[in-house]
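Take a look at the structure below.
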Amino acid sequence: MPALKQVLDATELFPSDMLQDMVTPFLNGSTEVLWLTAESDGTPCGFCFAQSEQLTEGTWNMLAIAVAPAQQGAGVGTGLTGALEQHLRDLDARILIADTSGIDDFTQTRDFYAKNGYAAEARIRDFWAAGDDKVTFRKAL
């Protein structure tokens with residue numbers, strides 16, 4: 001857990017004090033959440049977290065993906081999303097969505113999703129804050 005918190009603190013994706021609440025349902029055996037961790041030399045360097053969407057048939061939401069800055073660009077994120085997608089296919093999931101910000105600071109994130117076969121499906125203006133749109137990406141599994 002401390003190494004995952006370091007990844008979060010380095011990427012500033014969200015406050016690392018939220019991590020325990022995210023991981024606990026998975027560790028307790030929930031089938032409604034998935035947690036994958038990437039390691040480099042035995043140390044966590046990235047993770048992704050997904051949750052099934054309530055009231056849907058086979059739709060999942062990748063709520064978080066983070067890779068330590070030193071590992072970014074080395075295929076860790078692509079490996080994580082690929083493993084997540086395969087696991088979801090094994091569960092007969094149909095769709096994986098991912099939300100991100102529409103501001104310039106998240107251009108690299110949006111490019112990552114596009115490079116990995118996700119299509120920008122929707123935009124909700126001013127969702128996160130005034131001037132900060134929510135952009136939803138979608139990938140059929």
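These values consider heavy atoms only, across backbone and side chains, with no hydrogens, waters or symmetry-generated copies.
- Remark: of the listed residues Leu13, Thr78, Val76, Val76 is the sole one forming a side chain to side chain contact (heavy atoms under 4.5 Å, CB included) with Val67.
- Scanning all heavy atoms of the two residues, the minimum distance from Pro69 to Ala10 falls at CD-CB, 3.6 Å.
- Under a 3.5 Å cut-off, the side chain of Asp133 and the backbone N or O of Gly102 do not form any donor-acceptor pair.
- Within 6.0 Å of atom CG in Asp104, 12 or fewer heavy atoms from other residues, nucleotides or ligands are found, so the atom counts as exposed in its surroundings.
- The cluster map of Ile, Leu, Val, Met, Phe, Trp and Tyr, joined by side-chain heavy atoms under 4.5 Å apart, puts Leu80 and Leu91 in the same cluster.
- Ionic pairing of Glu57 and Arg94 is not present here: no N-O contact between side-chain nitrogen and carboxylate oxygen is shorter than 4.0 angstrom.
- Ring-plane geometry between Trp35 and Phe49 is classed as tilted, the angle between the planes lying from 30 to 60 degrees on a 0 to 90 degree scale.
- Proximity of Ile97 to Glu121: side-chain heavy atoms (C-beta onward) are nowhere separated by under 4.5 Å.
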Applying side-chain contact (heavy atoms from CB on, under 4.5 Å), run through Met1 and Gln20 and close with a yes or a no.
CA-CA 8 Å; Met1 195 64 68; Gln20 187 67 44; 3.5 Å; yes
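- Cluster membership for Phe14 and Trp128, using ILVMFWY side-chain heavy atoms within less than 4.5 angstrom, is not shared.
- Hydrophobic clustering, with ILVMFWY side chains joined whenever heavy atoms are under 4.5 angstrom apart, groups Val23 together with Val7.
- Using a 4.5 Å cut-off between side-chain heavy atoms of Ile, Leu, Val, Met, Phe, Trp and Tyr, with links allowed through other members, Tyr113 and Phe106 fall into different hydrophobic clusters.
- In this structure, OG1 in Thr81 is found 12.0 Å from CD in Gln86, a value given to the nearest 0.5 Å.
- Note that CZ of Phe137 is 11.0 Å distant from OH of Tyr118, once rounded to the nearest 0.5 Å.
- Here the side chain of Arg110 pairs a donor or acceptor atom with the backbone of Ile103 at under 3.5 angstrom.
- Phe127 and Met62 sit in two unconnected hydrophobic clusters of ILVMFWY residues. Membership requires side-chain heavy atoms under 4.5 Å apart, directly or through other members.
- In this structure, the separation between CG on Leu63 and CE on Met22 is 6.5 Å, given to the nearest 0.5 Å.
- Defined by atom type and a distance below 3.5 Å, a donor-acceptor pair is present between the side-chain atoms of Glu53 and Asn61.
- Side-chain contact check for Glu39 and Thr43: no donor-acceptor pair (N or O, by modelled atom type) lies under 3.5 Å.
- Distance CD/Glu12 to CG/Asp105: 10.5 Å, rounded to 0.5 Å.
- Checking side-chain atoms of Thr11 against main-chain N and O of Leu8 turns up a donor-acceptor pair under 3.5 Å.
- The heavy-atom pair separating Pro44 from Thr37 by the smallest distance is CB-CG2, 3.7 Å.
- Residues Lys139 and Glu85 form a side-chain contact, since some pair of their non-hydrogen atoms from C-beta on lies under 4.5 Å apart.
- Atom CG in Leu88 sits 6.0 Å away from atom CG in Leu141 (nearest 0.5 Å).
- Between the side chain of Ser30 and the backbone N or O of Phe26, no donor-acceptor pair lies under 3.5 Å.
- With values rounded to the nearest 0.5 angstrom, Leu84 atom CG is found 9.5 Å from Arg89 atom CZ.
- Between the side chains of Glu32 and Ser52, at least one donor N or O sits under 3.5 Å from an acceptor N or O.
- A side-chain donor-acceptor contact under 3.5 Å links Asn116 to the backbone of Phe112.
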